[in-house]
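Numbering of ligands and ligand atoms starts at 1, following listing order.
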Amino acid sequence: MKTPSNYLTIRITLIFLIIAGSLNAQDINRIVKNDYSRSSDRKILHIPDIQGYETLKGDFHMHTVFSDGHVWPESRVMEAWREGLDVIAITDHIEYRPHKDHIVSDHNSAYEVAREKALAQNIILLRGTEITRDMPPGHFNALFIDDVNPIENEDPMKQLEEAARQGAFILWNHPGWASQQPDSTIWWDMHTEILDNGWMHGVEVSNSGEWYPIVLDWCREKELTVFSNSDIHAAIDFDYDLSLANAHRPMTLVFAKDRSQTGVKEALFSRRTLGFFGNQLVGPENLILDLFNASVIVNTPFMESERKGKKVKHIELENPTDLTFILVKDEENGKNKDLIELNPHSEIIIIIPANEDTANYRLVNCWSGSNDHPVVRF
Ligand SMILES: [Zn+2]
Ligand SMILES: [Zn+2]
């Protein structure tokens, strides 16, 4: 049975439907929809500046369809922009170009295709190439070159010489790649010759899914710049799940006088870089320690208490950055192996004996040598 209040409800509903219908008058010929399409924003990676330098995020090793990659050069720029990178080098192989019957080009084409997009996105794009030889000497990236074409040569030494003549920064890529060094990561006599000629300035400590701790020792002994690069061939989020919290490609942090190509080049030749892959940081100890100190806010002890009859003080460590620091108390008996994880954008409380002026902690996810973790003090 219909009551007056039912009639009222029906009338209000009808009026609402008429208004809603007129507001949402839809063109039945075309409706713009939004089925989970990605926003076109850029991720910001919070990594502080140190020593008066700007901290730039770089990837100095990537491929496109112009060698054996699966991606067009402009897409490499857009991937890097979305991930918050500042500087990239497209380094297609000179000697290995499986798509060359379909893509007619020379060795500068990938750079030239990507250049406008890089300018438009404010990404520093370096002209680069990968000299791709059997071991020894293996693969080398030449960066900041003027012209890739003359670097094509039968003789790898002539290739490196030509790159150096163009003022290149040259790095040895994936020195421990199992396809080329199946038994161990070996430094060959030929590498000494290349180094002595001034044709090697850096080396990849980390490349795509692997890293080579021993190479950190080479960097210290032979004064080489540390790199961590993606060597990406597929689309970046084909290989990395960048939707995960804190996920990022392997990258090289560059501490540059300014955010420019000249700034990057000066920093690379001055060895001011750290490798950053997963939650690991690798490279010179002073850079790691300065980065820790610039990242972590240590709040002075806010209370004292007693633990097992001993006075202890409580200290807050605050980490507003995208870096992770894993600490282990550095004790003489070496018994304490408790990991203290200071995750990105978080805070922890550590408890240290009140009678100790300083407590030492090893940063076990940071490496300055194959067996060395920098120590911080509170
Ligand atoms: Zn390679
Ligand atoms: Zn490569």
Side-chain angles (χ1 to χ4, degrees), residues 58-73 75-77 79-80 83 85 87-100 103 105 107-111 113-114 125-145 148 151-153 155-157 159-160 163 168-182 184-188 190-191 194 199-212 215 218 224-236 238-240 249-252 268 273 275 277:
D59 186 356
F60 299 92
H61 191 165
M62 52 180 76
H63 296 276
T64 74
V65 288
F66 286 85
S67 64
D68 59 344
H70 309 152
V71 166
W72 188 250
S75 300
R76 287 287 180 235
V77 173
E79 289 174 339
E83 251 195 283
L85 298 187
V87 49
I88 60 169
I90 292 174
T91 52
D92 279 314
H93 301 285
I94 290 181
E95 292 82 358
Y96 184 53
R97 299 175 64 210
H99 309 146
K100 67 177 184 296
I103 296 177
S105 63
H107 296 301
N108 291 305
S109 301
Y111 171 83
V113 167
L125 174 68
L126 311 181
R127 194 191 295 262
T129 190
E130 183 167 18
I131 297 166
T132 309
R133 312 302 298 228
D134 292 340
M135 190 70 76
H139 297 191
F140 285 78
N141 275 358
L143 312 174
F144 307 99
I145 45 184
V148 187
I151 299 174
E152 184 165 12
N153 196 298
D155 179 353
M157 294 303 256
Q159 292 184 286
L160 294 166
F169 183 99
I170 304 170
L171 59 143
W172 179 11
N173 297 339
H174 44 72
W177 184 31
S179 303
Q180 290 197 319
Q181 304 248 50
S184 184
T185 301
I186 292 163
W187 178 278
W188 300 65
M190 196 169 176
H191 296 114
I194 291 167
W199 300 340
M200 192 198 306
H201 313 104
V203 59
E204 282 181 339
V205 173
S206 137
N207 172 291
S208 57
E210 50 190 30
W211 84 281
Y212 323 105
V215 176
W218 298 354
L224 293 166
T225 304
V226 167
F227 282 86
S228 166
N229 293 323
S230 72
D231 198 358
I232 191 75
H233 286 69
I236 193 78
F238 211 86
D239 284 6
Y240 296 91
R249 73 173 78 191
M251 64 176 74
T252 305
L268 295 191
T273 65
F277 49 90

Next on the checklist: In terms of relative ring orientation, are Phe60 and Phe227 parallel, tilted or perpendicular, with 30° and 60° separating the classes?
Outcome noted: perpendicular
Checklist entry - Aromatic rings His174 and Trp177: how do their planes relate, parallel, tilted or perpendicular, breaks at 30° and 60°? => result perpendicular
Item to check | Set of residues satisfying side-chain contact (heavy atoms from CB on, under 4.5 Å) with respect to Ile103, sequence neighbours excluded | outcome: Val65, Phe66, His99, Ser105
Next on the checklist: I'd like to verify the contacts: list protein N, O or S atoms under a distance of 2.8 Å from the Zn ion (ligand 1).
Outcome noted: Glu130 OE2, His139 ND1, His174 NE2
Next on the checklist: Within the supplied structure, the quantity of interest is the number of heavy atoms (other residues, nucleotides, ligands) at a distance under 6.0 Å from Asp134 CG; does it exceed 12?
Outcome noted: no
Checklist entry - What distance do Asp231 atom CG and Glu130 atom CD have between them, rounded to the nearest 0.5 Å? => result 6.0 Å
Next on the checklist: Under a 3.5 Å cutoff, is there a donor and acceptor pairing between the side chains of Gln181 and Trp188?
Outcome noted: yes
